[in-house]
Amino acid sequence: MNYLSIKDIDSLANWVAEAKDLKNNPRRFESIGKCKTICLLFFNNSLRTRLSTQKAAINLGMDVMVMNFGNEGWALEYEDGTIMNQGTSEHIKEAAQVVSQYADIIAIRAFAGLKDKEKDEAEEVLNGFVKYAGVPIVNMESSIGHPLQALADAITIAEYKTKTRPKVVLSWAPHPKALPHAVANSFVEMMQLQDADFVITHPKGYELNSKITRNSTIEYDQSKALQNADFVYVKNWSSYNDYGKVMHENSGWMMTKEKLGHAKFMHCLPVRRNVVVEDGVLDSNQSLIIEQANNRTYAAQLVIKKILENE
Ligand code: CP
C-alpha cells in the first residue's frame, strides 16, 4: 500500500474516526512498528511535516531516519538512457533501490518547480521512488498534492463542525512568491469526499486544474463566497493556466476578521502574517491553525499504521 494522493483513502469517514481514536490514545499501537524503519526524504524545507511524521512513526514504535536529500544527497537523474555527463550524479533507479535496503517505508517531499507544468505533473521524484523502491511510499507533499495535510484538515473539520453539512470556503490569498498548487488541490479533492457545501473563491486567472476542481463551485466574488461560511480555508497558489506565474498583487484578497465573520479559520502553515491573513484572525479563538498542525501527527500515524498492517 502507498499513500500518494486522496484517491488512496478507501473510506474517509472510517479514516477520520480511526484517526480520532489514535489521537485519544496515541501509544496504543506502539509495538506495531517495532524493528521497522521509516526513512523521510526531504527535497524541500519543512517544519510540520518533518516533525509530525517523525512523531507519528515514534508513536508506532518505529525507528526514523531523516535526510535532507535536496541539500545533502547526490543530484538525481530521472531520464532513462541518459548519458550522465552533466550535473546529475546518481540515477533514481539505484537511489530508490538503495534507500529501500535501509527502510521499510519511504516518505518523500518534493515540490513543484513551477517552471515546467508537464515535468511537475509527471512527479518524477515521487513516481521514481514508487517505481524503483520496492517498499511502500508516502507522499509528504509532491508537485500535485499534499494528502497528509488534507487528511489532517478533514480530521480538524470533523472535530469542529456543528452541522452535518457545513459550508466550507477555500479562499485564495495574496503572496509575494509563486507557490505550488499541492495544498489547494488535495483540499479540493478532500472536500469532494465530504458532505459539505464547498465553494472555491479566487481572482480570475487563478483557476486550479479543472481535472481536480471538476464540478466544485467556483465563485469569483470573495464576499459572496464567504457568506454564511462555517470554515474558511485560506491559501495562496500561483496561476495554473499561466503556469507558476504571480499575475497581479490582489492585496484586497487578504483574509480579515471582518470578512471571516463567525467562521472558523484554517491554513496549512507556514503563513505570512498581514499578507495572507491579518493578525486579528490568527490570534483569535476562531483560528484552527494549531489544531490542524497537531492533527498532522494523527493523519500521518493513521497512514503509517495502515501501511504496516498491510505489509
Ligand atoms: N503544512 C506543512 O506541510 O508544513 P511544512 O511545510 O512546515 O511541513
Side-chain angles (χ1 to χ4, degrees), residues 1-42 46-66 103-109 135-141 145-162 164 166 168 183 186-187 189-191 193-196 231 233 264 266-269 287-311:
M1 175 189 166
N2 296 318
Y3 185 64
L4 305 177
S5 78
I6 302 304
K7 293 182 183 67
D8 292 318
I9 298 174
D10 53 15
S11 162
L12 180 60
N14 289 348
W15 281 45
V16 168
E18 209 179 319
K20 284 162 87 177
D21 281 348
L22 284 174
K23 188 172 181 177
N24 288 332
N25 189 355
R27 293 283 182 161
R28 189 167 152 217
F29 299 97
E30 66 185 348
S31 55
I32 198 172
K34 198 167 165 6
C35 301
K36 301 271 185 188
T37 301
I38 187 166
C39 184
L40 314 184
L41 301 181
F42 287 88
S46 170
L47 170 61
R48 281 142 291 272
T49 305
R50 179 169 175 156
L51 295 182
S52 64
T53 312
Q54 282 193 63
K55 174 129 196 246
I58 292 165
N59 283 346
L60 295 168
M62 297 189 84
D63 295 316
V64 186
M65 298 191 298
V66 184
D104 302 283
I105 301 173
I106 302 172
I108 296 161
R109 163 164 286 200
V135 298
I137 304 295
V138 175
N139 180 355
M140 296 194 297
E141 188 172 343
H146 196 353
L148 286 176
Q149 179 67 53
L151 183 54
D153 298 335
I155 297 164
T156 310
I157 289 174
E159 288 176 327
Y160 284 89
K161 71 179 183 183
T162 55
T164 320
V168 181
V183 170
S186 289
F187 188 72
E189 290 180 313
M190 187 60 89
M191 285 304 107
L193 296 183
Q194 298 253 1
D195 190 8
F231 296 90
Y233 199 107
K264 296 287 188 193
M266 299 180 76
H267 190 283
C268 62
L269 301 181
S287 172
L288 298 180
I289 54 175
I290 305 304
E291 284 79 357
Q292 287 173 265
N294 184 27
N295 283 331
R296 290 294 307 273
T297 298
Y298 309 106
Q301 197 168 328
L302 177 69
V303 166
I304 297 167
K305 175 174 168 283
K306 283 187 177 292
I307 291 172
L308 290 170
E309 286 170 341
N310 203 55
E311 291 307 297

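Being a predicted model, the structure only gives us computed values, none of them experimental.
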Cut-off 3.5 Å, no hydrogens considered: what does the side-chain donor-acceptor table look like for residues 25-37, sequence neighbours left out?
{"unit_1": "R27", "atom_1": "NE", "unit_2": "N59", "atom_2": "OD1", "d": "3.3"}
{"unit_1": "R27", "atom_1": "NH1", "unit_2": "I58", "atom_2": "O", "d": "3.4"}

Let me check something: any side-chain donor-acceptor pairs from residues 14-21 under 3.5 Å, sequence neighbours excluded? List them with distances.
{"unit_1": "N14", "atom_1": "ND2", "unit_2": "S11", "atom_2": "OG", "d": "3.3"}
{"unit_1": "W15", "atom_1": "NE1", "unit_2": "D10", "atom_2": "OD1", "d": "2.9"}
{"unit_1": "E18", "atom_1": "OE1", "unit_2": "K306", "atom_2": "NZ", "d": "3.2"}
{"unit_1": "E18", "atom_1": "OE2", "unit_2": "K305", "atom_2": "NZ", "d": "2.8"}

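Distance check, rounded to the nearest 0.5 Å: NZ of K264 to CD of E291 gives 8.5 Å. The CZ atom of R296 sits 8.5 Å away from atom CG of D153, with the distance rounded to the nearest 0.5 Å. Once rounded to the nearest 0.5 Å, the distance linking CD1 of I38 with CD1 of I304 reads 4.0 Å. Atom OG1 of residue T297 and atom CD of residue Q54 lie 10.5 Å apart, to the nearest 0.5 angstrom. Rounded to the nearest 0.5 angstrom, T156 OG1 and I290 CD1 are separated by 11.0 Å. With values rounded to the nearest 0.5 angstrom, L269 atom CG is found 5.0 Å from I289 atom CD1.
Looking at F231 and M191, their side chains never come closer than 4.5 Å, going by heavy atoms from C-beta outward. A 4.5 Å side-chain heavy-atom check between N295 and E159 finds at least one atom pair inside the cut-off. No side-chain heavy atom of T49 sits less than 4.5 Å from a side-chain heavy atom of L40. I6 has its side chain out of reach of L12: every pair of non-hydrogen atoms, C-beta onward, lies at least 4.5 Å apart. Q292 places a side-chain heavy atom less than 4.5 Å from the side chain of Q149. Within the 4.5 Å cutoff, no side-chain heavy atoms of E311 are placed close to those of D104. Between K7 and E189 the shortest side-chain heavy-atom distance falls below 4.5 Å. Proximity of K23 to N294: side-chain heavy atoms (C-beta onward) are separated by under 4.5 Å at one or more points.
Among all heavy-atom pairs drawn from S186 and P147, the shortest one is OG-N, 3.6 Å. The two residues A299 and A152 have their closest heavy-atom pair at CB-N, 3.7 Å. Heavy-atom minimum distance, A56 versus A300: CB-CB, 3.7 Å.
The closest donor-acceptor contact from the side chain of N2 to the backbone of I137 lies under 3.5 Å. Between the side chain of R109 and the backbone N or O of E141 there is no donor-acceptor pair closer than 3.5 Å. Here the side chain of Y3 pairs no donor or acceptor atom with the backbone of I307 at under 3.5 angstrom.
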For this session: Could you please spell out the steps behind the side-chain contact (heavy atoms from CB on, under 4.5 Å) verdict for L308 and I105?
Result: CA-CA 9 Å; L308 290 170; I105 301 173; 4.1 Å; yes

Problem set entry | Derivation and outcome, side-chain contact (heavy atoms from CB on, under 4.5 Å), residues I157 and M190 | CA-CA 11 Å; I157 289 174; M190 187 60 89; over 6 Å; no

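Each ring-ring contact (aromatic ring centres under 6.0 Å, His included) pair with one or both residues in residues 287-311, not counting sequence neighbours, would appear here, but there are none.
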